[in-house]
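Keep in mind that the numbers below use all heavy atoms, side chains included, and drop hydrogens, waters and symmetry copies.
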Amino acid sequence: MAVVALIPAAGLGTRFHDAGPKALVRLAGRPFLLHALERLAASGRVDRAVVAVSPGHEAAFGAALAGFDAIPVTTTPGGETRRDSVVAAWRASGAADDDLLCVHDAARPLVDPGDVAAVVDAAAEHGAALAGSPVTDTVKRVRDGVVVETVSRHDLFAAATPQVMRAGLLREAVAAGLADATDDVELLERRGVPVRAVVTSRWNVKITYPEDLARAEVWLAAEGRR
């Protein structure tokens with residue numbers, strides 16, 4: 001059984017000053033993508049990776065990946081949506097049905113290698129698993145700027161990546177024509193496939209806004225001093 005990381009990296013960083021590929025935004029002088037790939041490789045579980053890149057930016061991704069040799073990495077054109085890019089990377093991977101697909105956002109460059117290993121191990125045992133953490137904030141449902149409901153949080157879980165599944169489960173979901181999911185394992189949930197939730201570090205943040213990038217810089221500096 002192989003473990004193949006799929007990195008949907010075709011999105012553009014429109015919330016940053018540079019509206020180029022978000023995966024190539026620099027954190028501590030290096031692209032998000034390299035941070036994420038290094039941490040996936042350091043887990044000791046991921047054998048290789050396929051990166052779905054934004055068409056027209058292939059040369060930039062090639063330059064970013066030049067010299068990276070922790071695990072083999074190939075690229076393939078991404079799609080218009082995240083789901084399209086994940087499917088494109090899966091199809092380009094050549095993964096067998098029994099292999100595990102480890103989908104991870106390049107914009108989560110602080111993922112802990114130990115957490116990656118824990119999610120992969122859970123998927124190897126159960127078929128599918130995702131990283132995340134219990135919701136601790138009070139959650140309000142708001143319509144037209146007005147609070148209409150306080151939502152009970154006792155069983156709410158904030159999903160993150162990696163999200164890991166057997167390739168055959170993804171193939172079946174795609175064959176069933178499922179689309180418009182907000183994350184990867186939702187495609188499996190709709191088919192009644194149990195997905196294990198693995199509690200992982202809250203530092204595995206998704207960098208969406210410039211202030212997230214500033215916090216990540218501080219975290220990396222602190223990590224380096226430990």
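Leu12 places a side-chain heavy atom less than 4.5 Å from the side chain of His57. When side chains are defined from C-beta on, Leu37 counts as touching Leu65, because their heavy atoms get closer than 4.5 Å. Residues Arg39 and Val116 have side chains not in contact (no heavy-atom distance under 4.5 Å, counting atoms from C-beta outward). You'll find the side chain of Leu27 stays beyond 4.5 Å of the side chain of Val25, heavy atoms only. A heavy-atom distance below 4.5 Å is found between the side chains of Arg202 and Thr136. For the pair Leu33 and Phe61, the minimum side-chain heavy-atom distance is below 4.5 Å. The side-chain heavy atoms of Leu100 and Met1, taken from C-beta on, include a pair separated by under 4.5 Å.
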- Step-by-step salt bridge (charged side-chain N to carboxylate O under 4.0 Å, His left out) determination, Arg82 to Asp184: CA-CA 9 Å; Arg82 175 196 169 84; Asp184 310 295; 2.5 Å; yes
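Applying the 6.0 Å contact sphere to CZ of Arg196 captures no more than 12 heavy atoms from other residues, nucleotides or ligands. Around atom CD of Glu211, more than 12 heavy atoms belonging to other residues, nucleotides or ligands sit under 6.0 Å away.
Here the closest non-hydrogen pair linking Gln163 and Val185 is OE1-N, 3.0 Å. Taking each heavy atom of Ala9 and Ala23 in turn, the nearest pair found is CB-CB, 3.7 Å.
A salt bridge links Glu38 with Arg30: at least one charged nitrogen is closer than 4.0 Å to a carboxylate oxygen. Between Glu186 and Arg190 there is a salt bridge, since a side-chain N of the basic residue sits under 4.0 Å from a carboxylate O of the acidic one.
A donor-acceptor pair shorter than 3.5 Å can be found between the side chains of Asp84 and Thr81.
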